[in-house]
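Okay, structure first, notes after.
To find a chain, count down the sequence lines: A is the first, B the second, and so on, and within it residues start at 1.
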Amino acid sequence: SQTIHQWPATLVQPVGSPLSLECTVEGTSNPNLYWYRQAAGRGLQLLFYSVGIGQISSEVPQNLSASRPQDRQFILSSKKLLLSDSGFYLCAWSLGRVTEAFFGQGTRLTVV
Amino acid sequence: QQQVKQSPQSLIVQKGGISIINCAYENTAFDYFPWYQQFPGKGPALLIAIRPDVSEKKEGRFTISFNKSAKQFSLHIMDSQPGDSATYFCAASMGGTYKYIFGTGTRLKVLA
């Protein structure tokens with residue numbers, strides 16, 4: 001069966017520090033991968049999605065970037081964190097077009 | 001046109017009652033409509049989904065009603081239980097893309 005791993009679960013980082021969140025999927029090949037951000041009490045905002053290795057689509061101009069170095073690995077990064085980058089970051093995967101998306105357990109990022 | 005509007009923002013229901021959450025969309029190209037359930041500190045989990053070729057889909061106590069002409073769909077939770085207390089998100093996606101557009105969420109509380 002397919003599983004998605006996301007880490008760390010919580011992270012407290014100072015303003016101006018770098019960020020690297022990692023997501024991996026097991027049990028499937030060539031998944032579509034997504035990074036979402038959820039602000040407190042808000043909906044899910046799509047940040048990036050990838051349909052293949054090295055293929056990244058950005059949905060919202062921001063202080064973040066994403067990379068997909070391997071088929072089942074998706075990384076969210078920042079060179080210098082801002083206070084506004086605080087939130088709950090979720091990785092998700094799906095297969096093909098218009099199918100179910102499955103989410104990881106999320107990373108709670110607090111920038112101080 | 002890319003938005004999915006969800007209401008209400010919060011909902012309190014007595015145990016055994018019916019919980020109803022509504023979503024509306026504008027883009028008629030959307031053709032896949034999932035609902036997700038999210039518990040605090042966890043990633044959203046797929047609950048039930050529908051495509052516009054059917055008007056209703058039922059899985060256990062959860063039912064999606066879909067009104068294509070009105071561009072609306074809703075989630076009904078029958079015999080609501082305290083364990084159903086969570087945040088519910090509707091979403092929409094369209095064939096030919098890989099993106100899911102999420103509503104802003106409904107926080108449901110079921111009183112014992």
Side-chain angles (χ1 to χ4, degrees), chain A residues 1-11 21 23 25 30-52 55-60 66 68 74 87-110, chain B residues 2-11 21-25 27-53 57 59 62 64 86-109:
Chain A
S1 64
Q2 301 91 352
T3 56
I4 179 169
H5 301 280
Q6 192 179 338
W7 67 91
T10 59
L11 190 60
L21 301 181
C23 171
V25 179
N30 196 29
N32 307 316
L33 296 172
Y34 308 83
W35 278 111
Y36 284 86
R37 177 168 59 200
Q38 185 176 23
R42 304 281 297 276
L44 290 85
Q45 180 186 36
L46 178 62
L47 302 176
F48 302 94
Y49 70 96
S50 171
V51 301
Q55 301 178 58
I56 309 294
S57 296
S58 175
E59 289 296 299
V60 181
R68 184 170 178 172
F74 206 23
F88 192 48
Y89 289 83
L90 290 155
C91 181
W93 71 273
S94 70
L95 290 176
R97 298 175 185 265
V98 194
T99 63
E100 298 88 344
F102 300 93
F103 285 83
Q105 292 301 292
T107 295
R108 174 74 59 191
L109 171 66
T110 304
Chain B
Q2 288 288 80
Q3 286 187 328
V4 176
K5 296 181 180 180
Q6 184 172 346
S7 63
Q9 186 175 3
S10 62
L11 181 62
I21 304 170
N22 301 298
C23 284
Y25 62 98
N27 192 336
T28 55
F30 287 143
D31 57 5
Y32 177 70
F33 303 90
W35 283 89
Y36 285 83
Q37 179 188 56
Q38 184 181 31
F39 293 103
K42 303 295 184 181
L46 180 66
L47 194 60
I48 187 173
I50 197 169
R51 297 186 187 275
D53 53 346
K57 183 174 182 179
E59 290 185 3
F62 301 92
I64 298 179
T87 299
Y88 293 82
F89 292 94
C90 62
S93 183
M94 66 181 85
T97 76
Y98 303 90
K99 297 189 293 185
Y100 302 82
I101 308 299
F102 282 84
T104 51
T106 296
R107 183 172 292 182
L108 171 66
K109 183 172 184 177

Top contributor to chain A interface from Ala49(B), Pro44(B), Gly105(B) [non-hydrogen pairs under 4.5 Å]: Pro44(B)
Interface moiety of Leu44(A) toward chain B, non-hydrogen atoms closer than 4.5 Å: both
Side chain, backbone, both or neither of Gln38(B) within contact of chain A (heavy atoms, under 4.5 Å): side chain
Under 4.5 Å from a heavy atom of chain A, the part of Pro34(B) involved: neither
Asn32(A) vs Ser94(A), side-chain hydrogen bond (donor to acceptor under 3.5 Å, both in side chains): CA-CA, chis, key distance, verdict: CA-CA 5 Å; Asn32(A) 307 316; Ser94(A) 70; 3.1 Å; yes
Distance-only polar pair, side chains of Tyr89(A) and Arg37(A), donor-acceptor under 3.5 Å: yes
Gap between atom OG1 of Thr107(A) and atom CD of Gln6(A) - 0.5 Å precision: 4.0 Å
Tyr36(A)/Phe102(B) aromatic ring centres below 6.0 Å: yes
